[in-house]
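Each remark here refers to the structure printed beneath this line.
Position 1 is the first residue of the sequence, and the numbers go up from there. Order of listing sets the numbers, starting from 1, for every ligand and every atom in it.
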Amino acid sequence: MSDHPAEPGWIGVERFLSETLVKPDAALKAAVSTAKAAGMPAIEVAPTAGKLLMLLARISGARRVLEIGTLAGFSTIWLARGMADGGTLVTCEYLPEHAAVARKNIDGAGLAVDVDIRVGPALDTLPLLAGGEPFDLVFIDADKANNIHYLEWAVKLSRPGTLIVVDNVVWDGRIIHDESLADPAQDAAAIRASLEFIGSHPRLEATAIQTVGAKGWDGFALALVR
Ligand code: SAH
Ligand code: DHB
Ligand code: MG
(Lines give C-alpha, C1' and ligand atoms only; values in the text may rest on other atoms or scores of the structure.)
(Ligands and ions follow the chains in the order given, each with its own letter.)
Protein backbone atom coordinates (compact mmCIF):
# COMPACT_ATOMS: atom_id res chain seq x y z
CA MET A 1 0.00 0.00 0.00
CA SER A 2 1.33 3.41 -0.93
CA ASP A 3 1.56 6.35 1.49
CA HIS A 4 0.83 8.67 -1.41
CA PRO A 5 -2.70 9.16 -2.69
CA ALA A 6 -2.98 9.58 -6.46
CA GLU A 7 -3.93 13.26 -6.16
CA PRO A 8 -2.02 14.48 -3.15
CA GLY A 9 -4.25 17.51 -2.55
CA TRP A 10 -3.25 19.92 -5.33
CA ILE A 11 -6.82 20.69 -6.20
CA GLY A 12 -7.90 21.39 -2.65
CA VAL A 13 -4.83 23.55 -2.09
CA GLU A 14 -5.49 25.45 -5.31
CA ARG A 15 -9.07 26.10 -4.18
CA PHE A 16 -7.81 27.33 -0.80
CA LEU A 17 -5.23 29.63 -2.42
CA SER A 18 -7.81 30.94 -4.86
CA GLU A 19 -10.40 31.63 -2.14
CA THR A 20 -7.85 33.08 0.29
CA LEU A 21 -5.65 35.18 -1.99
CA VAL A 22 -7.23 35.57 -5.42
CA LYS A 23 -10.97 35.95 -4.81
CA PRO A 24 -12.30 36.17 -8.38
CA ASP A 25 -15.18 38.65 -8.57
CA ALA A 26 -18.46 38.45 -10.50
CA ALA A 27 -16.93 39.61 -13.80
CA LEU A 28 -14.29 36.88 -13.69
CA LYS A 29 -16.81 34.24 -12.62
CA ALA A 30 -18.98 35.31 -15.57
CA ALA A 31 -16.06 34.80 -17.96
CA VAL A 32 -15.98 31.16 -16.86
CA SER A 33 -19.75 30.51 -16.66
CA THR A 34 -20.61 32.16 -20.00
CA ALA A 35 -17.91 30.10 -21.71
CA LYS A 36 -19.36 26.93 -20.21
CA ALA A 37 -22.91 27.91 -21.23
CA ALA A 38 -21.70 28.54 -24.80
CA GLY A 39 -20.09 25.09 -24.96
CA MET A 40 -16.58 26.54 -25.11
CA PRO A 41 -13.68 24.51 -23.68
CA ALA A 42 -12.78 25.14 -20.01
CA ILE A 43 -9.17 25.95 -20.79
CA GLU A 44 -8.83 29.42 -19.27
CA VAL A 45 -5.88 29.94 -16.93
CA ALA A 46 -6.41 29.03 -13.28
CA PRO A 47 -7.42 31.99 -11.07
CA THR A 48 -4.05 31.80 -9.31
CA ALA A 49 -2.30 32.16 -12.70
CA GLY A 50 -4.70 34.89 -13.81
CA LYS A 51 -3.84 36.91 -10.73
CA LEU A 52 -0.17 36.38 -11.52
CA LEU A 53 -0.77 37.88 -14.98
CA MET A 54 -2.38 40.87 -13.28
CA LEU A 55 0.59 41.28 -10.94
CA LEU A 56 3.09 40.94 -13.80
CA ALA A 57 1.27 43.63 -15.76
CA ARG A 58 1.27 45.84 -12.64
CA ILE A 59 4.94 45.20 -11.76
CA SER A 60 6.04 45.91 -15.32
CA GLY A 61 3.98 49.10 -15.53
CA ALA A 62 2.42 47.76 -18.73
CA ARG A 63 0.50 50.27 -20.84
CA ARG A 64 0.42 48.13 -23.98
CA VAL A 65 -0.34 44.40 -23.73
CA LEU A 66 -0.68 41.81 -26.49
CA GLU A 67 -2.57 38.57 -25.86
CA ILE A 68 -2.74 35.68 -28.33
CA GLY A 69 -5.74 33.46 -27.50
CA THR A 70 -8.73 35.25 -25.93
CA LEU A 71 -11.29 32.46 -25.36
CA ALA A 72 -13.98 34.16 -23.18
CA GLY A 73 -11.76 36.93 -21.85
CA PHE A 74 -10.81 35.48 -18.45
CA SER A 75 -7.06 36.09 -18.80
CA THR A 76 -7.80 39.31 -20.72
CA ILE A 77 -9.66 40.76 -17.74
CA TRP A 78 -6.86 39.82 -15.36
CA LEU A 79 -4.22 41.39 -17.61
CA ALA A 80 -6.27 44.55 -18.11
CA ARG A 81 -6.75 44.93 -14.36
CA GLY A 82 -3.00 45.01 -13.89
CA MET A 83 -2.47 47.72 -16.50
CA ALA A 84 -2.22 51.45 -16.05
CA ASP A 85 -5.48 53.32 -16.76
CA GLY A 86 -5.73 54.45 -20.35
CA GLY A 87 -3.62 51.58 -21.67
CA THR A 88 -4.35 49.39 -24.66
CA LEU A 89 -4.71 45.61 -24.76
CA VAL A 90 -4.83 43.87 -28.13
CA THR A 91 -6.12 40.30 -27.95
CA CYS A 92 -6.17 37.88 -30.91
CA GLU A 93 -8.92 35.26 -31.23
CA TYR A 94 -9.46 32.91 -34.15
CA LEU A 95 -13.11 32.04 -33.54
CA PRO A 96 -15.75 34.79 -33.91
CA GLU A 97 -18.04 32.89 -31.47
CA HIS A 98 -15.36 33.04 -28.78
CA ALA A 99 -14.67 36.70 -29.53
CA ALA A 100 -18.37 37.55 -29.15
CA VAL A 101 -18.57 35.93 -25.70
CA ALA A 102 -15.30 37.63 -24.71
CA ARG A 103 -16.54 41.04 -25.89
CA LYS A 104 -19.53 40.86 -23.53
CA ASN A 105 -17.42 39.69 -20.60
CA ILE A 106 -14.79 42.37 -21.15
CA ASP A 107 -17.38 45.13 -21.57
CA GLY A 108 -19.14 43.90 -18.41
CA ALA A 109 -15.93 44.04 -16.37
CA GLY A 110 -15.77 47.85 -16.36
CA LEU A 111 -12.11 48.05 -17.35
CA ALA A 112 -10.14 51.29 -17.53
CA VAL A 113 -8.16 50.16 -20.56
CA ASP A 114 -9.12 49.85 -24.22
CA VAL A 115 -9.47 46.18 -25.22
CA ASP A 116 -9.16 45.60 -28.95
CA ILE A 117 -10.26 42.06 -29.92
CA ARG A 118 -8.86 41.08 -33.34
CA VAL A 119 -10.79 38.18 -34.83
CA GLY A 120 -9.01 35.75 -37.16
CA PRO A 121 -5.82 33.73 -37.21
CA ALA A 122 -3.29 35.53 -35.03
CA LEU A 123 -0.65 35.09 -37.72
CA ASP A 124 -2.78 37.35 -39.97
CA THR A 125 -3.26 39.97 -37.25
CA LEU A 126 0.30 40.16 -35.90
CA PRO A 127 1.89 41.66 -39.05
CA LEU A 128 -0.73 44.44 -38.92
CA LEU A 129 0.58 45.47 -35.50
CA ALA A 130 4.14 46.06 -36.75
CA GLY A 131 5.17 49.71 -36.94
CA GLY A 132 3.08 50.65 -33.92
CA GLU A 133 4.38 51.29 -30.42
CA PRO A 134 6.06 48.21 -28.92
CA PHE A 135 4.19 46.06 -26.43
CA ASP A 136 5.28 45.98 -22.79
CA LEU A 137 3.91 42.50 -22.09
CA VAL A 138 2.88 39.63 -24.38
CA PHE A 139 0.84 36.60 -23.28
CA ILE A 140 0.92 33.62 -25.67
CA ASP A 141 -1.92 31.12 -25.08
CA ALA A 142 -3.44 29.92 -28.37
CA ASP A 143 -2.73 27.05 -30.80
CA LYS A 144 0.47 25.51 -29.52
CA ALA A 145 1.68 24.45 -32.98
CA ASN A 146 2.32 28.13 -33.76
CA ASN A 147 4.17 28.96 -30.53
CA ILE A 148 7.48 29.60 -32.29
CA HIS A 149 5.83 31.94 -34.79
CA TYR A 150 4.10 33.77 -31.96
CA LEU A 151 7.41 34.11 -30.14
CA GLU A 152 9.07 35.51 -33.27
CA TRP A 153 6.29 38.09 -33.54
CA ALA A 154 6.40 38.83 -29.83
CA VAL A 155 10.10 39.70 -30.11
CA LYS A 156 9.50 41.79 -33.26
CA LEU A 157 6.73 43.74 -31.55
CA SER A 158 8.73 44.27 -28.36
CA ARG A 159 11.40 46.55 -26.90
CA PRO A 160 14.22 45.76 -24.46
CA GLY A 161 12.42 45.05 -21.20
CA THR A 162 9.25 43.56 -22.71
CA LEU A 163 8.02 40.53 -20.76
CA ILE A 164 6.77 37.51 -22.73
CA VAL A 165 4.66 34.89 -20.91
CA VAL A 166 3.88 31.54 -22.57
CA ASP A 167 1.16 29.29 -21.13
CA ASN A 168 1.09 25.47 -21.19
CA VAL A 169 4.79 24.78 -21.57
CA VAL A 170 4.78 21.53 -19.55
CA TRP A 171 1.64 19.94 -21.02
CA ASP A 172 1.30 17.16 -18.42
CA GLY A 173 4.99 16.38 -18.92
CA ARG A 174 4.48 15.38 -22.53
CA ILE A 175 7.30 17.74 -23.61
CA ILE A 176 9.78 15.03 -22.57
CA HIS A 177 7.85 11.88 -23.60
CA ASP A 178 9.14 10.21 -26.76
CA GLU A 179 5.68 8.86 -27.64
CA SER A 180 3.98 12.28 -27.32
CA LEU A 181 6.83 14.01 -29.15
CA ALA A 182 6.38 11.62 -32.10
CA ASP A 183 2.68 12.50 -32.47
CA PRO A 184 2.16 15.98 -34.00
CA ALA A 185 -1.48 15.99 -32.85
CA GLN A 186 -0.32 16.15 -29.24
CA ASP A 187 1.50 19.49 -29.71
CA ALA A 188 4.24 18.31 -27.33
CA ALA A 189 6.99 18.65 -29.93
CA ALA A 190 5.86 22.17 -30.88
CA ILE A 191 5.82 23.26 -27.24
CA ARG A 192 9.22 21.71 -26.60
CA ALA A 193 10.63 23.35 -29.73
CA SER A 194 9.28 26.70 -28.57
CA LEU A 195 11.13 26.29 -25.26
CA GLU A 196 14.32 25.42 -27.15
CA PHE A 197 13.75 28.49 -29.34
CA ILE A 198 13.48 30.68 -26.24
CA GLY A 199 16.51 29.05 -24.61
CA SER A 200 18.74 29.69 -27.61
CA HIS A 201 17.40 33.14 -28.54
CA PRO A 202 20.10 35.78 -28.09
CA ARG A 203 17.56 38.41 -26.96
CA LEU A 204 15.58 36.33 -24.47
CA GLU A 205 16.40 35.75 -20.80
CA ALA A 206 14.00 33.07 -19.59
CA THR A 207 12.80 30.57 -17.06
CA ALA A 208 9.74 28.34 -16.68
CA ILE A 209 7.69 27.40 -13.64
CA GLN A 210 5.78 24.12 -13.33
CA THR A 211 2.26 24.24 -11.92
CA VAL A 212 -0.25 21.67 -10.61
CA GLY A 213 -3.92 21.96 -9.79
CA ALA A 214 -7.39 21.46 -11.24
CA LYS A 215 -5.97 21.84 -14.76
CA GLY A 216 -3.42 19.10 -14.22
CA TRP A 217 0.36 19.39 -14.50
CA ASP A 218 1.47 22.30 -16.59
CA GLY A 219 3.54 25.47 -16.40
CA PHE A 220 4.39 28.79 -17.94
CA ALA A 221 7.54 30.33 -19.34
CA LEU A 222 8.66 33.88 -18.59
CA ALA A 223 11.06 35.56 -21.00
CA LEU A 224 12.46 39.06 -20.76
CA VAL A 225 13.55 40.73 -23.99
CA ARG A 226 17.00 42.32 -23.83
N1 SAH B 1 -6.08 33.01 -22.69
C2 SAH B 1 -7.39 32.42 -22.43
C3 SAH B 1 -7.46 31.00 -22.95
C4 SAH B 1 -7.18 30.85 -24.42
S5 SAH B 1 -7.65 29.26 -25.04
C6 SAH B 1 -7.65 32.43 -20.93
O7 SAH B 1 -6.75 32.02 -20.19
O8 SAH B 1 -8.72 32.85 -20.50
C9 SAH B 1 -7.00 29.36 -26.64
C10 SAH B 1 -7.78 30.26 -27.58
O11 SAH B 1 -6.97 30.44 -28.75
C12 SAH B 1 -9.10 29.66 -28.05
O13 SAH B 1 -10.17 30.56 -27.85
C14 SAH B 1 -8.88 29.41 -29.54
O15 SAH B 1 -10.03 29.60 -30.35
C16 SAH B 1 -7.81 30.45 -29.87
N17 SAH B 1 -7.01 30.16 -31.08
C18 SAH B 1 -6.71 28.94 -31.59
N19 SAH B 1 -5.99 29.08 -32.71
C20 SAH B 1 -5.83 30.41 -32.91
C21 SAH B 1 -5.18 31.20 -33.90
N22 SAH B 1 -4.55 30.63 -34.93
N23 SAH B 1 -5.24 32.53 -33.80
C24 SAH B 1 -5.87 33.12 -32.75
N25 SAH B 1 -6.49 32.43 -31.78
C26 SAH B 1 -6.46 31.10 -31.85
C1 DHB C 1 -5.56 23.58 -23.72
C2 DHB C 1 -5.18 24.85 -24.10
C3 DHB C 1 -4.79 25.77 -23.15
O4 DHB C 1 -4.38 27.01 -23.49
C5 DHB C 1 -4.78 25.44 -21.81
O6 DHB C 1 -4.37 26.38 -20.91
C7 DHB C 1 -5.16 24.17 -21.41
C8 DHB C 1 -5.56 23.24 -22.38
C9 DHB C 1 -5.99 22.60 -24.73
O10 DHB C 1 -6.02 22.97 -25.91
O11 DHB C 1 -6.28 21.47 -24.36
MG1 MG D 1 -3.50 28.04 -21.85
Side-chain angles (χ1 to χ4, degrees), residues 14 18 22 24 27-36 38-54 56-57 65-82 89-106 109 115-129 137-154 164-175 180 183-188 190-191 194 208-222:
E14 180 178 60
S18 187
V22 178
L28 288 160
K29 286 179 182 159
V32 175
S33 61
T34 54
K36 192 175 181 189
M40 293 160 63
I43 54 173
E44 75 285 349
V45 294
T48 45
K51 182 89 178 261
L52 177 65
L53 292 173
M54 184 191 113
L56 291 171
V65 170
L66 171 64
E67 176 178 67
I68 305 174
T70 317
L71 195 67
F74 185 77
S75 55
T76 317
I77 294 169
W78 277 118
L79 284 163
R81 285 184 175 171
L89 191 163
V90 178
T91 183
C92 303
E93 174 53 52
Y94 181 68
L95 291 175
E97 312 88 270
H98 289 187
V101 174
R103 182 79 267 165
K104 280 193 196 161
N105 289 326
I106 289 160
V115 177
D116 181 1
I117 305 178
R118 303 287 186 101
V119 181
L123 287 177
D124 289 354
T125 300
L126 294 166
L128 306 175
L129 302 173
L137 190 160
V138 181
F139 178 48
I140 299 174
D141 188 21
D143 50 326
K144 313 309 172 195
N146 278 319
N147 268 10
I148 286 187
H149 301 297
Y150 297 149
L151 283 159
E152 284 171 336
W153 275 109
I164 301 173
V165 184
V166 187
D167 196 24
N168 309 116
V169 299
V170 173
W171 216 228
D172 284 312
R174 293 193 292 268
I175 58 164
S180 303
D183 176 3
Q186 291 198 36
D187 288 329
I191 294 168
S194 68
I209 300 295
Q210 299 189 65
T211 55
V212 290
K215 302 210 154 71
W217 174 26
D218 216 324
F220 53 87
L222 292 175

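Between the SG atom in C92 and the CG atom in L129 there is a gap of 6.0 Å [rounded to 0.5 Å]. Between I68 atom CD1 and H149 atom NE2 the span is 12.0 Å, to the nearest 0.5 Å. The structure places OG1 of T91 at 8.5 Å from CG of L79, a figure rounded to the nearest 0.5 Å. In this structure, the separation between CG on N146 and CH2 on W153 is 13.0 Å, given to the nearest 0.5 Å.
Residues P41 and H98 meet the side-chain proximity criterion, which asks for heavy atoms closer than 4.5 Å. You'll find the side chain of R103 reaches within 4.5 Å of the side chain of V115, heavy atoms only. Side-chain atoms of L126 and Y150, non-hydrogen and from C-beta on, do get closer than 4.5 Å to each other. Put simply, the side chain of W78 reaches to within 4.5 Å of the side chain of V22, judged on heavy atoms.
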Kindly list each side-chain donor-acceptor pair under 3.5 angstrom involving residues 213-222, sequence neighbours excluded, with atom names and distances?
{"from": "K215", "atom 1": "NZ", "to": "E44", "atom 2": "O", "distance (Å)": "3.2"}
{"from": "K215", "atom 1": "NZ", "to": "E44", "atom 2": "OE2", "distance (Å)": "3.4"}
{"from": "W217", "atom 1": "NE1", "to": "Q210", "atom 2": "OE1", "distance (Å)": "2.7"}
{"from": "D218", "atom 1": "OD1", "to": "V169", "atom 2": "N", "distance (Å)": "3.4"}
{"from": "D218", "atom 1": "OD1", "to": "V170", "atom 2": "N", "distance (Å)": "3.2"}
{"from": "D218", "atom 1": "OD1", "to": "W171", "atom 2": "N", "distance (Å)": "3.0"}
{"from": "D218", "atom 1": "OD2", "to": "N168", "atom 2": "ND2", "distance (Å)": "3.0"}

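Side-chain atoms of D143 do not come within 3.5 Å of backbone N or O of A145 as any donor-acceptor pair. Looking at E93, its side chain does come within 3.5 Å of a backbone N or O of T70 through a donor-acceptor pair.
Within 4.0 Å of ligand 1, heavy atoms belong to protein residues I43, E44, V45, E67, G69, T70, L71, F74, S75, C92, E93, Y94, L95, H98, G120, P121, A122, F139, D141, A142, D143, Y150. Residue-level contacts of ligand 2 at the 4.0 Å heavy-atom threshold are I43, D141, K144, D167, N168, W171.
The Mg ion (ligand 3) has D141 OD1, D167 OD2, N168 OD1 as protein N, O or S atoms under 2.8 Å away.
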| Going through the checks in order, is the side-chain contact (heavy atoms from CB on, under 4.5 Å) test met by L28 and R81? | CA-CA 11 Å; L28 288 160; R81 285 184 175 171; 3.3 Å; yes
| field | Residues N105, T34; criterion side-chain hydrogen bond (donor to acceptor under 3.5 Å, both in side chains); working and verdict | value | CA-CA 8 Å; N105 289 326; T34 54; 2.8 Å; yes
